[in-house]
Amino acid sequence: GENVEQHPSTLSVQEGDSAVIKCTYSDSASNYFPWYKQELGKGPQLIIDIRSNVGEKKDQRIAVTLNKTAKHFSLHITETQPEDSAVYFCAASKSGGTSYGKLTFGQGTILTVHP
Amino acid sequence: GAVVSQHPSWVICKSGTSVKIECRSLDFQATTMFWYRQFPKQSLMLMATSNEGSKATYEQGVEKDKFLINHASLTLSTLTVTSAHPEDSSFYICSARDLDSGGGLGELFFGEGSRLTVL
């Protein structure tokens, strides 16, 4: 089955700096890659996603890049703010039928943004 | 965006009792819901896929008799932890697909999670 590796496990940055979190996946059939932000005691919240037919997607301060050949994708957060501090998870999935939504998650990255 | 509601948000029970957790899609119909389990400081692990009107599909290593899943309607799936033991203490999270979002591919929405503590 799919295996998703996420690095780093912890990331500490100063407010205003950029943060980059990287994930690799094993199943070349995976074609949907969402990123989630999880705050303490809450469920994951989708922040951005990318499908395998594009290489990059941006939404204000957040961007995701995908390299299908290398089977890795990255989350980029620019101009970080203290409220960005949370646990971030990458995930991978195959679309089509009921398998869509069956996500394999990375191990998570604890991002801390210092004021 | 679409909302997925879980109830209860937290529950404490005695060892040996059964606990039911509900997952509701509030403004969309979900033929498929997913149940995840998350231990402290760990990632989410898929337990099972809940299919409306049919049996749930369990991931390898998940005991179907231990974790009973019922998806009786298009807006409700329930997870019952039977004969709960302290090792079942965890954060249980459900997700549901809204087929009308995500450009027709069905965006996934997660509930807020239910924290189970078994004494």
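Numbers restart at 1 for each chain; the letters A, B, ... are given by sequence-line order, proteins then strands.
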How many angstroms lie between atom [atom1] of [X] and atom [atom2] of [Y], to the nearest 0.5 angstrom?
X: A:Gln45; Y: B:Glu112; atom1: CD; atom2: CD; answer: 8.0 Å
X: B:Leu46; Y: A:Leu103; atom1: CG; atom2: CG; answer: 8.0 Å
X: B:Ser43; Y: A:Tyr36; atom1: OG; atom2: OH; answer: 11.5 Å

Practice item. Please state whether the side chain, the backbone, both or neither of A:Gln38 comes within less than 4.5 Å of a heavy atom of chain B. Key: side chain
Check your understanding: Under 3.5 Å, is there a donor-acceptor pair linking the side chains of A:Gln107 and B:Gln42?
Key -> no
Do the side chains of [X] and [Y] join up, straight or via other hydrophobic residues, at under 4.5 Å, putting them in one cluster?
X: A:Leu75; Y: A:Val4; answer: yes
X: A:Ile48; Y: A:Val113; answer: yes
X: B:Val19; Y: B:Leu119; answer: no

Tell me, yes or no, whether the heavy-atom count around [X] atom [atom1], taken from other residues, nucleotides or ligands under 6.0 Å, exceeds 12.
X: A:Glu79; atom1: CD; answer: no
X: B:His7; atom1: NE2; answer: no
X: B:Lys66; atom1: NZ; answer: yes
X: B:Glu87; atom1: CD; answer: yes

Exercise for review: Against chain A, work out which of B:Gln6, B:Arg115, B:Glu59 has the most heavy-atom pairs shorter than 4.5 Å and name it.
Suggested key: B:Glu59
Review point. With respect to chain A, which residue among B:Gln38, B:Met45, B:Lys41 yields the maximal number of heavy-atom pairs within a distance under 4.5 Å?
Key: B:Gln38
Check your understanding: Hey, are the side chains of B:Leu108 and A:Pro34 touching, using non-hydrogen atoms and a 4.5 Å cut-off?
Key -> no
**Study point:** Structural part of B:Leu44 lying under 4.5 Å from a heavy atom of chain A
**Key:** both
